[in-house]
Amino acid sequence: MISLPLVYTILALIAYTSSFWYLFIRLMSKRTPNLWCYGLMVGLGLVLHATVLSQDMLTSIGVNYDVFNLMSFTSGLMLALSLILSLIRPILPLNLIGTPVAAFGLILGFAFSQPNQIIEQHSFGLDLHIILSLSAYAVLLMATIHAVLLWFQDRELKKKQKRRIWVNLLPPFQVMESLLFDLIITGFGLLTAALLFGFFTIDNFFAQHLAHKTAFSIISWFLYGALLIGHYKFGWRGRKAIRFTITGFVLLAIGFMGSKFVLEMILGR
């Protein structure tokens, strides 16, 4: 018998797929996408995504912070934030990668989540730390996707390719670069707040297996901070900014998602 969460997952994937192809076809044909039509499709996918995720994460005894649930949550939150920002900034093409990322996160969460990472006791500080952390990851994931698109655009411009897909699909390079730093500033601020609250809510630093996670997060924080200082004081931009952005997020992902994956799936903790 087909379960209701499976039905919701399939419907969410259909909504995500439909929105992706609608946006791709519109942008390729140089027709302005109808933001409300696109938003309705993505919004439906996000609602269904949230419904599936809530059934896994919200339990009668606490919240299940399984690594795959967190991947699903972060990817969905990233797409939701991207959709909201699309109303005020020209970042709609960002969703050509953001939508498949959210769909992949949904599949991972539905297929592989395990009911063994439940936090039963909450405190305001811990809840705020978790919310800030996930928000920081979502925004910096957006920035990383943005950096990847910038790399494609920069590559086409420098190689003077005749068929410039990303140059034609995306806003001008300077506008894209400005948006990248706006996202990094936002993500850096959220990450700073998350680290500060984390230090106040960790009781036993080593017993909770958080040393490596915090270390990677702090290294990532320093990289993003160095990039922002380098950009505004020394004019760092272009490929250097792209490399810093991607490296910073890779370290952040290794520290958080990677460490949780090793602890939960390999070590069984």
Side-chain angles (χ1 to χ4, degrees), residues 19 23 27 32-33 35 38-39 42-43 46 73-102 105 128 131-157 166-197 217-253 256:
S19 65
L23 182 61
L27 291 175
T32 303
L35 188 56
Y38 173 77
V42 174
L46 287 170
F73 183 89
T74 303
S75 64
L77 179 59
M78 177 273 301
L79 185 59
L81 292 173
S82 179
L83 181 62
I84 293 171
L85 287 174
S86 296
L87 299 173
I88 54 177
R89 301 295 293 270
I91 65 169
L92 200 58
L94 186 69
N95 295 324
L96 288 175
I97 294 182
T99 304
V101 169
L128 192 56
I131 291 171
L132 287 170
S133 296
L134 294 175
S135 298
Y137 296 140
V139 173
L140 291 173
L141 175 58
M142 285 175 58
T144 304
I145 293 173
H146 204 81
V148 171
L149 292 175
L150 263 175
W151 183 83
F152 285 134
Q153 198 175 30
D154 180 70
R155 186 169 176 269
E156 289 181 348
L157 287 169
W166 296 105
V167 170
N168 294 330
L169 283 177
L170 300 172
F173 188 86
Q174 290 77 9
V175 174
M176 289 283 291
E177 198 170 58
S178 174
L179 291 171
L180 173 66
F181 282 100
D182 288 345
L183 291 171
I184 292 174
I185 290 171
T186 303
F188 180 76
L190 289 169
L191 182 60
T192 303
L195 288 172
L196 288 174
F197 274 98
S217 297
I218 291 175
I219 294 172
S220 177
W221 181 85
F222 273 110
L223 274 178
Y224 284 120
L227 172 58
L228 291 174
I229 293 172
H231 174 68
Y232 289 106
K233 190 171 183 179
F234 304 110
W236 291 1
R237 54 190 298 271
R239 293 200 171 185
K240 180 175 287 189
I242 293 169
R243 286 194 296 268
F244 265 80
T245 303
I246 296 174
T247 303
F249 185 77
V250 168
L251 290 172
L252 199 61
F256 188 67

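If you read the sequence from its start, that first residue is 1, and numbering goes on from there.
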- request: Could you pull out the closest heavy-atom pair between S178 and R89, with the gap in Å?
  value: OG-NH2, 4.4 Å

- line: Per side-chain contact (heavy atoms from CB on, under 4.5 Å), V250 is matched among T247, L252, I246 by I246

field: Residues in side chain to side chain contact (heavy atoms under 4.5 Å, CB included) contact with L83, at least two apart in sequence or another chain
entry: Y38, V42, L46

query: Which atom names give the shortest non-hydrogen contact between S135 and L77, and what distance separates them?
result: CA-CD2, 4.0 Å

message: Using every non-hydrogen atom in the two residues, find where N95 and S86 come nearest and quote the distance to one decimal.
response: ND2-OG, 3.8 Å

message: Using every non-hydrogen atom in the two residues, find where F181 and A241 come nearest and quote the distance to one decimal.
response: CZ-CB, 3.7 Å

- prompt: Between atom OG1 of T99 and atom CG of L23, what is the distance when rounded to the nearest 0.5 Å?
  reply: 7.0 Å

message: What's the separation between atom OG in S133 and atom CG in L190, rounded to the nearest 0.5 Å?
response: 9.5 Å

- prompt: Counting N and O atoms only, with roles assigned by atom type, does the side chain of T186 sit under 3.5 Å from a partner on the main chain of D182, one being a donor and the other an acceptor?
  reply: yes

- prompt: Side chains of L149 and P93: does their closest heavy-atom pair fall under 4.5 Å?
  reply: no

- request: Go through L79 and V101 one step at a time and tell me if the side chain to side chain contact (heavy atoms under 4.5 Å, CB included) criterion holds.
  value: CA-CA 8 Å; L79 185 59; V101 169; over 6 Å; no

- line: Paired with F188, the ring pair (Phe, Tyr, Trp, His ring centres under 6.0 Å) test is passed by just one of W221, F244, Y224, namely W221

message: Applying side chain to side chain contact (heavy atoms under 4.5 Å, CB included) to L94 and L179, what does each step give before you reach the verdict?
response: CA-CA 11 Å; L94 186 69; L179 291 171; over 6 Å; no

- prompt: Judged by atom type as modelled, is there a donor-acceptor pair below 3.5 Å linking the side chain of Q153 to the main-chain atoms of P172?
  reply: no

statement: On a heavy-atom basis, the closest approach of L180 and A143 is CD1-O, 3.3 Å

- request: Drop me the distance from S82's OG to L92's CG, to the nearest 0.5 angstrom.
  value: 7.5 Å

- prompt: After noting the C-alpha distance and the side-chain angles of L96 and L27, does the key distance pass the side chain to side chain contact (heavy atoms under 4.5 Å, CB included) rule?
  reply: CA-CA 10 Å; L96 288 175; L27 291 175; 3.9 Å; yes

Qualifying side chain to side chain donor-acceptor pair (under 3.5 Å) pairs with a residue from residues 225-244, counting only residues at least two apart or across chains: D154-R239, E177-R237

message: Give me the atom names and distance for the closest heavy-atom approach of I145 to G98.
response: CD1-CA, 4.1 Å

statement: Output for pair (L141 CG, S75 OG), nearest 0.5 Å, gives 8.0 Å

- prompt: With distance as the sole test, does T74 use its side chain to make a donor-acceptor pair with the main-chain N or O of L134 at under 3.5 Å?
  reply: no

- prompt: Within the side chain of Y137, is there an N or O that forms a donor-acceptor pair under 3.5 Å with the backbone of M78?
  reply: no

- line: The reported gap from CD1 in I242 to CZ in R155 (rounded to nearest 0.5 angstrom) is 12.5 Å

- line: The reported gap from CG in L191 to CD1 in I218 (rounded to nearest 0.5 angstrom) is 9.5 Å

